[in-house]
Amino acid sequence: MQHNWSRYFRLIIGFLVVCTAAGAFFGYPIYGLTLGLIAYLWWTLVHARRLYHWLGNPGATREAPQSIGLWGDIFDGLHKLHQSHLRLQDRLRAQINRVQESTNAMRDGVIMTDAKGSMEWWNGSAEYLLGFRRNTDRGQYIHNLIRTPAFKAYFDARDYREPLDINSPAKPHIHLQIQISLFGDDDRLIVAKDVTRLYQLEQMRRDFVGNVSHEMRTPLTVISGYLETLVDNADDLPPKWRRAITTMAQQSSRMEALITDLILLSKIETGEQTVNDTVTDVDALIRQICHDASALSGEKEHEFSVKITDQRLLKGDESQLRSAFSNLIFNAVKYTPARGHITVTWSANRDGAHLSVRDTGIGIDPVHIPRLTERFYRADPSRHKDTGGTGLGLAIVKHVLLNHDGTLEIKSRIGDGSEFICHFPRERLVERVPENVS
Ligand code: ADP
């Protein structure tokens, strides 16, 4: 290129020298040079104009303009650049088409939106699952098409660690699990998975457990009733029967407690709709439960402390909250040796409201903590015989908290006592209305 450039330079100088010499031949060397310069300027302008027009619309013709000399080389260079750009564009388009084809073949709905939710692209499954229309919905805000408030809250919160379950807006019998990922310039990739079958299986499981528990309750109540009568009249029975009847009565009351907990758990799992309609006076609730707990403690004479540092009410279902809090406080009684200390605290700060139940009991090995809220999971199976627990208490606590957008935190070490903390979001706190306002 360097070599060509000096050749062009020499050519231009040569041309101007020839023009000057021709002018000198007629006695006007300056006019000859000026004419030469004007001719060169005109040549340059004509080619600059052709280049300008071609650059303005290079797609109109795939060929760059043709010429000779310096301009010919510039046009050739541009033509090569343009061709390689077109080839790259074709390759990229083919790749994008391939990705779109494969995404279209997916059973999950895939949608791309910008940061505000304006829809840029979606696949065929999204059309089927969510009822989007290819021709009219491009550029629409996704919130106008998926009107579930939970979806808008999930989209705006930008916390996509957990998926969101919703019903399809177009086909309400379809249950969808929505997962959003961030990509590019704050854009969103939304994947909608059809989980209807899983949802139905889960529903069947809940119904089955609920129905079986209900069906078993009546015969068991009859058996327990007769056994209690027999225990009351144990003195009339032959001695070899007394022990058997007492054990049978104990086991049937354990089964009754189990069935009561199973029914409660299945009610809590399906009773999400009531939790936003009522408010609960946590202060009064804790005091009542601690009163019952000190009766349960009996001869173990536990020392109870109740600390209330926030007087606001909690938006939530009182009977569900009662089940959760009493399970935690009764567990503290069950797993704390005689004359131990049990502290119940209700407080609130910027992170939300917190109910803590702390005891000076036997504690739990930290390896068990992640699994404690599973149904029938026990830290030490040999212990539960003495406590008479059903193994469902913490599962109930977990589901109650799920219904109230809360979480359970467990801190414990063997021999160091335990602390169970229920965290509720700040939005659930409600100001107490003064009683004597008329
Ligand atoms: P359970 O009816 O057996 O008490 P839970 O679901 O209430 O069932 O508790 C599960 C397990 O967690 C218990 O079996 C016990 O091992 C452990 N646990 C619960 N609360 C406490 C506590 N305050 N101190 C020590 N261990 C506890």
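All of these numbers come straight from a predicted model, not from anything done at the bench. We count ligands from 1, going down the list as the structure has it; atoms in each ligand are counted the same way. Excluded from the calculations below are hydrogen atoms, water molecules and symmetry mates; all remaining heavy atoms, backbone and side chain alike, are included. Residue numbers start at 1 and run along the sequence shown.
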Just go through F376, F330, Y335 and tell me whose heavy atom is the nearest to atom 18 (N) of ligand 1.
Y335
Polar atom proximity, I362 to ligand 1 (N or O, under 3.5 Å):
no
Option passing side-chain contact (heavy atoms from CB on, under 4.5 Å) with I329 (candidates V357, D359, D292):
V357
So does D76 pair up with K80, basic N to acidic O under 4.0 Å?
no
Mind telling me whether H175 and Y199 have parallel, tilted or perpendicular rings, with 30° and 60° as the class edges?
parallel
Is the closest heavy atom of K334 to ligand 1 under 4.0 Å?
yes
Please confirm whether G391 approaches ligand 1 to less than 4.0 Å, judged on its heavy atoms.
yes
Counting neighbours of CD on E162 that are heavy atoms of other residues, nucleotides or ligands and sit closer than 6.0 Å, is the number greater than 12?
no
Kindly assign one of parallel, tilted or perpendicular to the pair F155 and F151, based on the angle between their ring planes and the thresholds 30° and 60°.
tilted
Relative to the heavy atoms of T390, which atoms of ligand 1 are at a distance of less than 4.0 Å?
2 (O)
Are any of the N or O atoms of F420 closer than 3.5 Å to those of ligand 1?
no
If you compare R375, R371, R378, E374 by their heavy atoms, the one closest to atom 14 (O) of ligand 1 turns out to be R378
So for ligand 1, is L394 a polar contact partner (N or O within less than 3.5 Å, distance only)?
yes
Short version for A379: what comes under 4.0 Å of ligand 1, heavy atoms counted, is both
Any D359 heavy atom less than 4.0 Å from ligand 1
yes
Anything under 30° is parallel, anything over 60° is perpendicular, the rest tilted; go ahead and classify H47 against W71.
parallel
Per-atom contacts, ligand 1 versus G393 - under 4.0 Å to a heavy atom
5 (P), 6 (O), 7 (O)
Lys/Arg N to Asp/Glu carboxylate O, R158 vs D186, below 4.0 Å
yes
Within-cut-off N or O pair, Y377 and ligand 1, under 3.5 Å
no
Considering only NZ, NE, NH1 and NH2 on the basic side and carboxylate oxygens on the acidic side, decide whether R98 and E101 come within less than 4.0 Å.
no
